[in-house]
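Scroll down for the structure; my scribbles are underneath it.
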Amino acid sequence: MKSVLIIGANRGLGLGIVKFLTKLRKAEIVFATCRNVSEELANVSKEHKNLHILNLDVTDATKYEEVVSQISAATGDGGLNLLINNAGVSTKFTKINLVKAEQLLENFTVNTIAPIMLTKALLPLLIRASEANSDKPVGVERAAVVNTSSILGSIANNDQGGFYPYRCSKAALNAATKSMSVEFKDKKILATAIHPGWVRTDMGGKNAPLDVETSIRELFNTLEKLGEKDSGKFLQYDGKELPW
Ligand SMILES: NC(=O)c1ccc[n+]([C@@H]2O[C@H](COP(=O)([O-])OP(=O)(O)OC[C@H]3O[C@@H](n4cnc5c(N)ncnc54)[C@H](OP(=O)(O)O)[C@@H]3O)[C@@H](O)[C@H]2O)c1
């Protein structure tokens, strides 16, 4: 890939993706956005000059155009090959009698509205990449949007209840991903919703079975194989298709 943008990359899975891409030289330019640069992310950027760190709180849509301009200036006619909407929040387990409107609003703002509006803002750069790589098949090397979803967003799989803010925001993100895949079909841009597995991060907690490195390695193994027929799917990190 020529260029990849990871949203929310100072810790957890986002940071893991940045480390994976830079270490294995999977992309010529890696853009990583975050609210605050962590020491770990700063260290990666010292070692890899192709890593560009951009400041972004995804709830501040007034900053989106600045991010788009910076990426456009750095990528030129090449555009942006891969957008990974990764930033996310999760309210702790909430039963119906405990759920608060503010939690719903926060989860929807970060997990649903931001990925949709960021994709909208970056679409011209994705189209540019798709056109610049018209000799390549549909996939992450040409132009793609990966929305980081969750198995908790699966309506069919919900047998525990609760988690209203997180479940609803990820189910809505899944719906948005499907719409993107339909709208982007003629532009030859892939759109997919990915569940990274239950992973040991601040969000996943220490009891999660997967470490970040395993999740990311398998995730990219899956992403690199995706083609036109996979656009609009809800997939697990290991390639397994999940029920909506
Ligand atoms: N870990 C799991 O088991 C698991 C399972 C399924 C899905 N996921 C999904 O995977 C993604 C990454 O999760 P994670 O486990 O890496 O979580 P995490 O360790 O809690 O990290 C969350 C990331 O999102 C960023 N973020 C949150 N709100 C933001 C905002 N307003 N603006 C910019 N960045 C913001 C955080 O930045 P700050 O440091 O600035 O807060 C951080 O970089 C999320 O979308 C999550 O829903 C995770």
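Start at 1 and go down the list; that is how both ligands and their atoms are numbered. This one's a predicted model, so the numbers in the text were calculated from it and none came from an experiment.
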Proximity of I7 to ligand 1 by residue part, where a heavy atom lies under 4.0 Å:
neither
Mind checking whether V89 has an N or O less than 3.5 Å away from an N or O of ligand 1?
no
Which atoms of ligand 1 are found less than 4.0 Å from any heavy atom of S150?
6 (C), 7 (C)
Under 4.0 Å between heavy atoms, the region of H195 that gets near ligand 1 turns out to be side chain
Quick one: does any side-chain atom of K187 pair with a main-chain N or O of E131 as donor and acceptor, under 3.5 Å?
no
More than 12 foreign heavy atoms under 6.0 Å from CD1 of I155: is that the case here?
no
List every atom of ligand 1 that sits less than 4.0 Å from any heavy atom of A87, numbering the atoms from 1 in the order shown and giving each element.
24 (O), 25 (C), 26 (N), 34 (N), 35 (C), 45 (O)
Below 4.0 angstrom, N of the basic side chain to O of the carboxylate: do E228 and K188 qualify?
yes
What I want to find out is whether E40 reaches K19 closely enough, with some N-O distance under 4.0 Å, to be called a salt bridge.
yes
D186 atom CG, neighbour heavy-atom count above 12 within 6.0 Å
yes
What part of P196, side chain from CB on, backbone N/CA/C/O, both or neither, has a heavy atom under 4.0 Å from ligand 1?
side chain
Under 4.0 Å from a heavy atom of D57: which atoms of ligand 1 are those, numbered in the order shown and with their elements?
30 (C), 31 (N), 32 (N)
Quick check: W198 and ligand 1, any N/O pair under 3.5 Å apart?
no
Atom 36 (C) of ligand 1 - nearest protein heavy atom and its distance:
R11 NH2, 3.7 Å
Would you mind running through ligand 1 and noting each atom that sits below 4.0 Å from a heavy atom of D202?
19 (O)
